[in-house]
Each structure stands twice: as structure tokens, then as C-alpha cells.
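Here the structure is laid out as C-alpha cells; the discussion comes afterwards.
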Amino acid sequence: MTGTRGNAAEARPAAAPPTVRLLGTGPRRWRWLGLGLAIMTAGALAGVVAVDQLDDREGVLVAGSDLAAGHVLTATDLEVARISVADGVSALTEDRLEEAVGSTLAVPVVEGGVLPETALGADAQYPAAGQAVVGAVLAPGRFPASLQRGAAVSIVLVEGAAAGSGGEGGQAASRGSGVTAYPARVQSFELSATDGSAAVELLVDAESAGQVAAAAANEQATVVQVSAAGGS
């Protein structure tokens, strides 16, 4: 009997080994590969769009510091910035740097501001026809503490300083007996660190330049800041 059992055991086929499934095979693997390819493609397209946007930028001339109208530009006044310029926006491009150097600004430009095309050229005469620039030293109390370059102002002349000034051309506005005001714009402004006075250049109508200069020399002029949109 023992021999019979032994023969039966030897004749029994061996058990099949367990099935082993490799990771990353089958349909699921291809789905992950497809997703990865889609992400890579999207990233490549985003890179192309970013390069296109960079290509839209162009070099334009900007002011390295606050520049007043009438200032003769030097190479140190100008810097080149690469920005995207919107359609219809006027800007001097970097290829006009040599043309800009030595030219006179027709408009004030703040530090970092883009120089418009209208700042130069045949029309960039300063001061323009019918205008004049008057220099004055204003004592403390004769100008607002917030005054700065480019501000729209009224120059108020007290009795005596405005005498004989006619409002030729209608440029002066009467503010009552003995008081007259002239519209102007501050072209430069420098505050003294010693006595609090301010040295200013004022762009005024040429017909009122004499009266404004005389009043300023006699310390009879007061500068009042007004809205740029609202007159004197």
C-alpha cells in the first residue's frame, strides 16, 4: 500500500505557479502615458505663447529723472526700457536715441515716464509762440507746500504789481479790487533747505510775463495751485 501511495503522489502534476502581473502594463499604463504627453504639449504651447508676448515688447526711451519742459536732453537723461506699447500710444523708440540727445523737451516728463513722440520734432519749440518762462523766488507762505513740477497754478498779484497789466488777450482774471490772477504752469521747482523759499520757473502767457516778473521781483506774487482741468 505504501508503494501504491508513493506512485500516486509521483504521478500527481505539480501545482502551477501564481500569476505575476507587472506594474505599468495594460490599458491603464497607456492612459497615464497619454496624460503625460498632453501635459508636456500644453507646457510647450504655453512657452511659445510666452515667447510671442516677449517679442511684442519694444525698447522705448524713458526719463532717468524728472525732466522739465525746455530741458535740453543729454545721454544721461535717457534710459531704454522694454515694454509692451499699446496701439495708439505715442512713444519714442530706442532707435531715436541719437535724435533725442541735444533736443529740447516740449513737455515735462517725470522719472520713469515714457517720452512721447510729441516731445521732439519740428513742433517741439520751447517756449511755444505766445508763451514765456518767468523765474521767481517765492518766500514761504507764497506757495503751497504740496507744489511740484508740472502743477497747474494761478499767479495772484496784489495791488500795485498788477497795475497797468491789462488783461490783453483776456489772459488775466480779476479777483477783486487790486488783485489779478494769471494762469500758469510750474516748469521747475526747487525748495531751499535753508530758508524754506522756492525757486520756480513758471510758464505764462507772453502778454502777462512782464507783470508777473515784476510782481515776483517785488515779492508781490503768490502761487495758488489749481485743478489742471479747471482753469485759474
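The first residue in the sequence is number 1, and the count goes up from there.
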In this structure, CD of Gln131 is separated from CD of Glu207 (nearest 0.5 Å) by 12.0 Å

Quick check: do Leu78 and Val62 have side-chain heavy atoms less than 4.5 Å from each other? no

Would you indicate whether the side-chain heavy atoms of Leu105 and Leu115 approach each other to under 4.5 Å? yes

Give a yes or no on whether the backbone of Gln220 and the side-chain of Asn218 come within a donor-acceptor separation of less than 3.5 Å. no

How far apart are the C-alpha atoms of Val60 and Ile83, what are their side-chain angles, what is the distance that settles it, and do they pass the side chain to side chain contact (heavy atoms under 4.5 Å, CB included) test? CA-CA 7 Å; Val60 297; Ile83 61 175; 3.7 Å; yes

Check whether any side-chain N or O of Ser208 sits under 3.5 Å from a backbone N or O of Val204 as a donor-acceptor pair, and report yes or no. no

Under 3.5 Å, is there a donor-acceptor pair between the Thr222 and Arg142 side chains? yes

Is there a donor-acceptor pair under 3.5 Å between the side chain of Ser154 and the backbone N or O of Val156? no

In this structure, OG of Ser65 is separated from NE2 of His71 (nearest 0.5 Å) by 7.0 Å

Joint cluster assignment, Val134 & Val137, ILVMFWY side-chain distance < 4.5 Å: no

Pair Thr74-Asp77, side-chain donor/acceptor within less than 3.5 Å: yes

If two hydrophobic side chains count as joined below 4.5 Å and joins carry through other members, does Val72 share a cluster with Val133? no

4.5 Å side-chain heavy-atom contact, Leu191 and Phe143: yes

Applying side chain to side chain contact (heavy atoms under 4.5 Å, CB included), run through Glu58 and Thr93 and close with a yes or a no. CA-CA 8 Å; Glu58 58 182 315; Thr93 53; 3.5 Å; yes

Determine whether a donor-acceptor pair (N or O, by modelled atom type, separation under 3.5 Å) exists between the side chain of Arg149 and the backbone of Asp66. yes

Let me know which of Leu97, Val109, Leu67, Leu61 forms a side chain to side chain contact (heavy atoms under 4.5 Å, CB included) with Leu73. Leu67

Check for a donor-acceptor pair, side chain of Arg185 on one end and backbone N or O of Leu203 on the other, with a separation under 3.5 Å. no

Worked check of side chain to side chain contact (heavy atoms under 4.5 Å, CB included) between Leu138 and Val223: CA-CA 8 Å; Leu138 303 175; Val223 171; 3.4 Å; yes

So, do Tyr182 and Gln211 sit near enough that their side-chain heavy atoms are less than 4.5 Å apart? yes

Under a 4.5 Å cut-off applied to non-hydrogen side-chain atoms, are Glu201 and Val186 in contact? no

Nearest-0.5 Å distance that lies between atom CZ in Arg96 and atom OG in Ser103: 9.0 Å

Are side-chain heavy atoms of Glu94 and Arg82 found at a separation under 4.5 Å? yes

